[in-house]
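Below is one structure, written out as structure tokens, with a few remarks after it.
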Number of protein chains: 2
Amino acid sequence: MPQSIRTFSAPLIRRLPEYHSYLESALSQGLTTISSTAIAAHLNIDPIVVRKDCEAIGAVGRPRIGFDIPNLIAAIYEYMGWGNLDELVIVGCGSLGSALIGYNGFKKRGFKIIAGFDNDPSKAGILINGVSIFPINKMVNLVKRLHVEIGIIAVPPQAAQEIADMMVEAGIKGIWNFSPCALKVPKTVIVQQEDLITSLVILQKGMKHER
Amino acid sequence: MPQSIRTFSAPLIRRLPEYHSYLESALSQGLTTISSTAIAAHLNIDPIVVRKDCEAIGAVGRPRIGFDIPNLIAAIYEYMGWGNLDELVIVGCGSLGSALIGYNGFKKRGFKIIAGFDNDPSKAGILINGVSIFPINKMVNLVKRLHVEIGIIAVPPQAAQEIADMMVEAGIKGIWNFSPCALKVPKTVIVQQEDLITSLVILQKGMKHER
DNA sequence: TAGATTGTTAATCGATTAACAATC
DNA sequence: TAGATTGTTAATCGATTAACAATC
């Protein structure tokens, strides 16, 4: 089945890395096959979900035996696109921005922050975790020239829309927005809102609901 | 309608703060009422969604006129619980943990980080953004004594399960987990997984889907 | 009144869960 | 063979979208 007609589903994308990490550990323990039941038990979810997800990414198992672990790992790796490298730029190099630049998890998943931008002139020219920081007025040209398609916004909310406009002008197609504010962008540009506090409220509400 | 039988829905919780921020700006421009259509147009969503959400939080509008802005703001404030103060502790004060401790957005939404813990002895006793950092072996007692119910985990993945176990022992009921790994906890404890890279992959997949 | 907007009931859609036949 | 597990089809559930009567 060609990639293009596979369905795209956020819950699936969230679960696959969890399967992957468990499969890696199972493989390192010498196992070669595993049942959906076993994966599900370890992750505390329903086995049917695991079977459905395997089906969605095109992995096939064998009745009575389960799934071949290396195959399943490869299918997840392929579906998640961890083999391709995607380059990112980030605008806003305060404490959150710096933490993102310093985060090691990007590389393993096929992402690389190639430049940072900040409106504080004293930051221009410095390196954070090996990434060069530029003044913000260099952003549009640099992004155009390097054909970067994903931009991270980690600036105060009042500055976020202006940065988003610049990113759109620079040809960015996807914005990962850490500012708690709605951005106006053309329909061709996708915004992934990362409102940390909202996640925390969802946790809090979930706790009250549970009680 | 009492709080307890209102439905709990994550998408709703995500949208309400966006309404709130727009309502605040409309109010500061001297408006006193607003239609769901106007809110929806500004946020690029369907007006029906806005009306449904208003209904869910118990706000009532008037045909032809719309919703009273102060009332709607109050209803959101109440539903989100921004008036109550919830105390948090954080374990792991590296760059991500420090960025969270330094983040200003908690206060406005009724959250406060009251202590940080780290296994690096050189950090014991220091202040980050006014928050005291303690050695990790003080965590269980302090959390028990202060009856803190929410814990943040911002440690490397290989240490996350151990910290989660300690938190459960300390009586924590909700864990906000920034480590990319599944945690095993009793059913009475809720884990909100905050896998940053997964959000980025969802953005990336959305872009490919769009194209 | 006329018409814009709410509130409500029904339809759609997607994801999860259930049931069960196929298969090794 | 017997039985565990897959693969598939159907049912459920919740959220979104649509339709429309009520109302100011």
Side-chain angles (χ1 to χ4, degrees), chain A residues 1 5-16 18-19 22-23 26 31-72 75-76 79 193 198 202 205-206 209-210, chain B residues 1 5-16 18-19 22-23 26 31-72 75-76 79 193 198 202 205-206 209-210:
Chain A
M1 193 189 342
I5 51 168
R6 281 187 195 150
T7 39
F8 162 73
S9 144
L12 172 66
I13 300 286
R14 285 187 207 285
R15 287 189 299 260
L16 289 179
E18 300 186 25
Y19 301 167
Y22 178 52
L23 292 168
L31 295 175
T32 56
T33 61
I34 198 162
S35 71
S36 59
T37 327
I39 299 174
H42 186 263
L43 297 174
N44 249 323
I45 59 179
D46 197 307
I48 303 173
V49 172
V50 179
R51 283 216 301 284
K52 281 282 187 195
D53 288 347
C54 291
E55 188 195 336
I57 64 174
V60 289
R62 286 192 300 168
R64 187 68 209 270
I65 292 176
F67 295 83
D68 180 72
I69 294 179
N71 275 1
L72 197 45
I76 292 173
Y79 187 87
Q193 192 65 34
T198 296
I202 290 171
K205 290 271 175 187
H209 203 246
E210 183 78 1
Chain B
M1 194 189 340
I5 52 168
R6 281 186 195 150
T7 39
F8 163 71
S9 144
L12 173 66
I13 301 284
R14 285 187 209 284
R15 287 188 300 259
L16 289 178
E18 300 186 25
Y19 302 167
Y22 178 53
L23 291 168
L31 296 174
T32 56
T33 62
I34 198 162
S35 70
S36 59
T37 327
I39 299 174
H42 187 262
L43 297 174
N44 250 324
I45 59 178
D46 197 305
I48 303 173
V49 172
V50 179
R51 283 217 299 285
K52 280 284 187 196
D53 289 347
C54 290
E55 189 196 335
I57 65 174
V60 288
R62 285 192 299 166
R64 187 68 209 271
I65 293 176
F67 294 83
D68 180 73
I69 294 178
N71 276 0
L72 197 44
I76 293 173
Y79 187 87
Q193 192 65 33
T198 295
I202 289 171
K205 289 271 175 188
H209 203 246
E210 183 79 0

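Chain identifiers are assigned alphabetically (A, B, ...) following the order of the sequence lines, protein sequences preceding nucleic acid strands; residue numbering begins at 1 within each chain. Predicted model only: the values in this text are computed from it and were never measured.
Considering A/Val49, A/Val50, A/Ile39, A/Leu43 in turn, A/Val49 is the only one that fulfils the side-chain contact (heavy atoms from CB on, under 4.5 Å) rule with A/Arg15.
Residues A/Ala75 and A/Ala59 approach most closely at CB-CB, 4.3 Å, considering heavy atoms. Closest approach of A/Pro70 to A/Thr32, counting heavy atoms only: CD-O, 3.7 Å. The shortest heavy-atom contact between B/Ile13 and A/Thr198 is O-CG2, 3.8 Å.
Residue B/Arg14 contributes atom CZ, which lies 18 Å from atom P of D/dG14 at whole-angstrom precision. Going from atom CG of A/Asp68 over to atom C1' of D/dT5 covers 15 Å, rounded to whole Å. Atom CG in B/Asn44 sits roughly 17 Å away from atom C1' in D/dT16 (whole-Å rounding). Rounded to whole Å, atom P of C/dA15 lies 13 Å from atom CD of A/Glu55. Note: CD1 (A/Ile202) to P (D/dA15) measures 12 Å, nearest angstrom. Residue A/Ile34 contributes atom CD1, which lies 10 Å from atom P of D/dT6 at whole-angstrom precision. The separation between B/Asp53 atom CG and D/dT16 atom P is 7 Å, rounded to whole Å.
Between A/Tyr19 and A/Asp53, some side-chain heavy-atom pair lies under the 4.5 Å cut-off. Side-chain contact between A/Ile34 and A/Tyr22: present, with at least one pair of heavy atoms (C-beta onward) separated by less than 4.5 Å. Inter-residue side-chain proximity for B/Leu12 and B/Lys52 is flagged as unmet; no heavy-atom pair is nearer than 4.5 Å. Counting only heavy atoms from C-beta outward, the side chains of A/Tyr79 and A/Ile76 never approach each other to under 4.5 Å.
End-to-end axis angle of the helix from C/dG3-D/dC24 to C/dC24-D/dG3, using five pairs per end and rounding to 10°, comes to 0°.
Take A/Arg64 and apply the side chain to side chain contact (heavy atoms under 4.5 Å, CB included) test, not counting sequence neighbours, and it matches no residue.
Taking 4.0 angstrom as the limit, B/Thr37 places none of its side-chain polar atoms (N or O) nearer than this to OP1 or OP2 of C/dA4. At least one side-chain nitrogen or oxygen of A/Ser36 sits closer than 4.0 Å to the OP1 or OP2 atom of D/dT6.
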Per-nucleotide protein contact along nucleotides 18-24 of chain D, 5' to 3', at a 4.0 Å heavy-atom cut-off (B base, S sugar-phosphate only, - neither), is BB---BB
